[in-house]
**Student:** 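Structure below; questions to follow.
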Amino acid sequence: MTIDETASAISRTSPDVIVQGLSRLLVEWKLSAANVNELQIQVERYIGNSWISDDSTHAAVDALWSAFCKTAIGCIGGMSINERLYHFGLLEMFDNASSSHAREVIYAKLLAVQM
């Protein structure tokens, strides 16, 4: 599951303002300076410190986030740069990067070492 698919699935769970805010946080992360580890901390803090209107929605959101963590964040160390770009929705941004510095920023965001 990609970050965009996760954000979309979370958004569909409920019209709750907190749920919609979490979905936006995931999408907006791509444009932020935060790396993958910081994303995980932000999302888990958001989920833990926010009051989602009902328990079943909270459980669904938590399950979606946990699935993304397991397949993307938890496995990032064994992924190629292309896999990282795909899972975190940054392929187009990387391909359109206008300089080597812009690509280095994306590498750092994805905890990748440029070879």
**Student:** Closest approach of A102 and S99, non-hydrogen atoms and distance?
**Tutor:**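 So the two residues come closest at N-OG, 3.1 Å.
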
**Student:** If you compare all heavy atoms of W29 against all heavy atoms of N35, which two are closest, and at what distance to 0.1 Å?
**Tutor:**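 Smallest interatomic distance, heavy atoms only, reads NE1-O, 3.3 Å.
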
**Student:** L31 and L90: same hydrophobic cluster, using ILVMFWY side-chain contacts below 4.5 Å?
**Tutor:**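 In one cluster with L31: L90, yes.
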
**Student:** Once side-chain hydrogen bond (donor to acceptor under 3.5 Å, both in side chains) is applied, do any residues pair with S23, and if so which ones, sequence neighbours excluded?
**Tutor:**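 With sequence neighbours excluded, S23 shows a side-chain hydrogen bond (donor to acceptor under 3.5 Å, both in side chains) to no residue whatsoever.
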
**Student:** Excluding sequence neighbours, so at least two apart, what forms side-chain hydrogen bond (donor to acceptor under 3.5 Å, both in side chains) with T71?
**Tutor:**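 Checked T71 against side-chain hydrogen bond (donor to acceptor under 3.5 Å, both in side chains); zero matches.
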
**Student:** With sequence neighbours excluded, what pairs up with S50 under the side-chain hydrogen bond (donor to acceptor under 3.5 Å, both in side chains) test?
**Tutor:**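 S50: no side-chain hydrogen bond (donor to acceptor under 3.5 Å, both in side chains) contacts found.
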
**Student:** Tell me whether L22 shares a hydrophobic cluster with V27, the cluster being built from Ile, Leu, Val, Met, Phe, Trp, Tyr side chains joined at under 4.5 Å.
**Tutor:**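 Different clusters: L22 never reaches V27 through Ile, Leu, Val, Met, Phe, Trp or Tyr contacts under 4.5 Å.
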
**Student:** Closest approach of M79 and A72, non-hydrogen atoms and distance?
**Tutor:**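 So the two residues come closest at CE-O, 3.3 Å.
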
**Student:** Hey, does V43 have a side-chain heavy atom less than 4.5 Å from the side chain of F68?
**Tutor:**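 F68 vs V43: side chains apart.
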
**Student:** Same cluster or not: V105 versus M93, using hydrophobic residues (I, L, V, M, F, W, Y) connected whenever any side-chain heavy atoms lie under 4.5 Å apart?
**Tutor:**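 In one cluster with V105: M93, no.
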
**Student:** Between Y86 and F94, is the gap from one ring center to the other below 6.0 Å?
**Tutor:**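 Ring centres of F94 and Y86 not closer than 6.0 Å.
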
**Student:** Between atom CG of L111 and atom CG of N37, what is the distance when rounded to the nearest 0.5 Å?
**Tutor:**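 Output value for this atom pair is 5.0 Å.
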
**Student:** Any heavy-atom pair between the side chains of H87 and I3 that's under 4.5 Å?
**Tutor:**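 Side chain of I3 against side chain of H87, heavy atoms only: no contact under 4.5 Å found.
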
**Student:** Quick check: is L25 connected to W51 through a chain of hydrophobic side chains (ILVMFWY, heavy atoms under 4.5 Å apart)?
**Tutor:**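 They do not share one cluster, since no chain of ILVMFWY contacts under 4.5 Å joins W51 to L25.
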
**Student:** Distance-only, no hydrogens or angles: does the Q20 side chain make a donor-acceptor pair with backbone N or O of S14 under 3.5 Å?
**Tutor:**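 Yes: the side chain of Q20 pairs with the backbone of S14.
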
**Student:** Linking I/L/V/M/F/W/Y whenever their side-chain heavy atoms sit closer than 4.5 Å, directly or via other members, would L64 and I76 fall into one cluster?
**Tutor:**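 L64 clusters together with I76.
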
**Student:** Going by salt bridge (charged side-chain N to carboxylate O under 4.0 Å, His left out), name the pairs with one or both residues in residues 27-41, residues two or more places apart or in two chains.
**Tutor:**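 Output for this query lists D4-K30.
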
**Student:** Do you know which two heavy atoms are closest between D54 and T57, and how far apart they sit?
**Tutor:**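 So the two residues come closest at OD1-N, 2.8 Å.
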
**Student:** Do H58 and V19 come within less than 4.5 Å of each other through their side chains, counting heavy atoms only?
**Tutor:**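 With C-beta onward as the side chain, the pair stays apart.
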
**Student:** What closest approach, in Å, do Y46 and I18 show between heavy atoms, and which atom pair accounts for it?
**Tutor:**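 Heavy atoms of Y46 and I18 come nearest at OH-O, 3.0 Å.
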
**Student:** Which pairs with one or both residues in residues 77-100 pass salt bridge (charged side-chain N to carboxylate O under 4.0 Å, His left out), sequence neighbours excluded?
**Tutor:**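 Salt bridge (charged side-chain N to carboxylate O under 4.0 Å, His left out) check on residues 77-100 returns no pairs.
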
**Student:** One pair to check against side chain to side chain contact (heavy atoms under 4.5 Å, CB included): K109 and L39. What are the steps and the verdict?
**Tutor:** CA-CA 10 Å; K109 186 172 197 62; L39 169 68; over 6 Å; no

**Student:** Return the set of residues passing side-chain hydrogen bond (donor to acceptor under 3.5 Å, both in side chains) with E44 (not counting sequence neighbours), or none when no residue passes.
**Tutor:**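 Q40, W65.
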
**Student:** Are the side chain of S11 and the backbone of A7 linked by a donor-acceptor contact shorter than 3.5 Å?
**Tutor:**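 Checked: no pair found.
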
**Student:** Nearest 0.5 Å, please: how far is CG in L91 from CD1 in I106?
**Tutor:**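 CG of L91 is found 9.5 Å from CD1 of I106.
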
**Student:** Closest heavy-atom contact between R103 and A97?
**Tutor:**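 That would be CG-CB, 3.5 Å.
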
